Amino acid sequence: MSSTLRVKLSLAMFLEYFTWGAWYVTLGTYMIDQFQAGAVQIGSAYANLSVAAIISPFFVGLIADRFFAAQRVMGVLHLAGALTLYLLGTISQPSLFWWLLLLYTLLYMPTMALANSITFKQLRDGGKEFPYIRVFGTVGWIAAGLMVGFMGLESSPWIFYIAAGSSVALGILSFYLPDTPPDRGNAASLSTVLGLDALVLFRNRSFIIFFVASLAICIPLSFYYSFANPFLNDVGVTNAAGKMTLGQLSEFAFMLLIPLVFRRWGVKLLLTIGIAAWILRYGLFANGDAGAGIWMLYFGILLHGVCYDFFFVTGQIYTDRQAGERFKNAAQGLITFATYGVGMLIGSYVSGWITHAYKLPEGAGDLYDWRGVWLVPAGISLAILVVFVMVFRGNGKQMDR
């Protein structure tokens, strides 16, 4: 691969995740400040991304991959998304904001798969080369968080204007990415898109336990995505968005660690550590503050790498090994559809309902009884951990029984 092409693909990944990170982390804080939104409204807003995650595989697998060049579809979607992002920053009606946000997520989510597809088409060894390009996505997310945090824009419409500018740049760049024509001769079927070909894995008891745990752990995950930034701002942490990028740095570091410990520790121990980290994280959030207890908040943010990588990345490896060559693509599609789609959809609404139940009366100081809020996902994680440890028997070898 030429250096020019590598720069283009790396820049595309940077802009892809910069665009997302510019508004996603602070959306809850923005809605509280601009619309006086409650927790249920925030949870519903975050659920839009999960709705889009459920729909986007149909668009990519059944439409984009069959009829259009990937780079052109990606360009059009990002240019349309840029206009939608700009409009989001101008909307003053909460209901209209919700529908416009849904439209934007429907435009954005397919571009993640398209960006990956365009990149993989240019690589000789995706397993070795892709991480070195995908890492620029993490850099883009971190850069967006630092910019929003240090400029004090967490509750400003500028989070959408910045994202819109990035989306315009990526939309234009997309048309200069390598031509990736549709593969009409190998178009995905509906069952492949949904991962239904991998349902054979449910003959495996351990895989069923893992699958259910993956769905359930999305509820604690949703609490973090939806309410961590409003929580940090509410308790008085300055530059909350910038400090939350420590979680992405942690994620990057622990992702490099997983290949080194996977064979030695095994899948069950890694998944167990991942679930336990959620309990510790929310215990720290429940007891931390912006004063003497701020170290607990920092530690909780830094645990993101353990929480996410040790469960979700290890889970992807486990799924790949269980499925084998025949069903690996369908199995990954099934897990992604179940977690980022169905699991996060349920989690977004549940986190909103539960957080709303801990709303404090006006004049109480804080918006919510955050200690009570964070103890709920900690308790959910504990319940998942107990059941998982007791009944999961998988060791990561192909087709555990």
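Bear in mind that the values here come from a model prediction, so they are computed numbers and not experimental data. Position 1 is the first residue of the sequence; numbering continues from there.
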Inset, instruction - Could you tell me how the ring of W353 sits relative to the ring of Y349: parallel (under 30°), tilted (30 to 60°) or perpendicular (over 60°)? - result: tilted
Inset, instruction - Report yes if some heavy atom in the side chain of I217 is under 4.5 Å from a heavy atom in the side chain of F312; otherwise report no. - result: yes
Inset, instruction - Return the orientation label for the F310 and F254 ring planes: parallel under 30°, perpendicular over 60°, tilted otherwise. - result: perpendicular
Inset, instruction - Could you tell me whether a side-chain N or O of T111 sits under 3.5 Å from a main-chain N or O of Y108, the two making a donor and an acceptor? - result: yes
Inset, instruction - Please confirm whether F211 and F202 have ring centers closer than 6.0 angstrom. - result: yes
Inset, instruction - Measure up the Y224 and W278 rings against each other and bin them: parallel (under 30°), tilted (30 to 60°), perpendicular (over 60°). - result: perpendicular
Inset, instruction - Take atom CH2 of W98 as the centre, draw a 6.0 Å sphere, and report whether it contains more than 12 heavy atoms from other residues, nucleotides or ligands. - result: yes
Legend entry - Polar side-chain atom of N48 near backbone of L101 as donor-acceptor pair, under 3.5 Å: no
Legend entry - Test item: M13 and V135 side chains (from C-beta on) under 4.5 Å apart, heavy atoms: no
Legend entry - Within 6.0 angstrom of F35 CZ, more than 12 heavy atoms from elsewhere: yes
Legend entry - Check: Y161 ring centroid to Y86 ring centroid under 6.0 Å: yes
Run the side-chain donor-acceptor check on residues 172-179: report pairs under 3.5 Å with partners two or more places apart or on a different chain.
from, atom 1, to, atom 2, distance (Å)
S174, OG, L170, O, 2.7
D179, OD1, Q71, NE2, 2.8

Inset, instruction - Decide yes or no for Y24 and N229: does some side-chain heavy atom of the first lie under 4.5 Å from some side-chain heavy atom of the second? - result: no
Inset, instruction - Give a yes or no on whether M112 atom CE has more than 12 heavy-atom contacts from other residues, nucleotides or ligands under 6.0 Å away. - result: yes
Inset, instruction - Answer yes or no: is there a side-chain heavy-atom contact under 4.5 Å between H356 and Q41? - result: no
Legend entry - Cationic tip of R134 above Y17 ring, under 6.0 Å, 45° of axis: yes
Legend entry - Test item: Y368 side-chain N/O and A357 main-chain N/O as donor-acceptor pair under 3.5 Å: no
Inset, instruction - For S250, enumerate each residue passing the side chain to side chain donor-acceptor pair (under 3.5 Å) test, keeping only those at least two apart in sequence or located in another chain. - result: none
Inset, instruction - Taking the side chain as every heavy atom from C-beta outward, state whether F285 and L297 have any pair of such atoms under 4.5 Å apart. - result: yes
Inset, instruction - Give a yes or no answer on whether the side chain of T26 reaches the backbone of T29 with a donor-acceptor pair at less than 3.5 Å. - result: no
Legend entry - Side-chain heavy-atom pair I162, W23 within 4.5 angstrom cut-off: no
Legend entry - Side-chain (S226) to main-chain (F223) donor-acceptor, under 3.5 angstrom: no
Inset, instruction - Kindly say whether the aromatic ring centers of W295 and Y298 come within a distance under 6.0 Å. - result: no
Inset, instruction - Might you confirm whether atom CZ of F388 has over 12 heavy atoms from other residues, nucleotides or ligands at distances under 6.0 Å? - result: yes
Legend entry - Contact check, side chains of F97 and L88, non-hydrogen atoms, under 4.5 Å: yes
Legend entry - Any donor-acceptor N/O pair, W141 side chain to Q248 backbone, under 3.5 Å: no
Legend entry - Student check: side-chain heavy atoms of V235 and D289 closer than 4.5 Å: no
Please output the side-chain donor-acceptor pairs of residues 338-346 that fall under 3.5 Å, not counting sequence neighbours, one pair per line with the distance.
from, atom 1, to, atom 2, distance (Å)
T339, OG1, I335, O, 2.7
Y340, OH, Y308, OH, 2.1

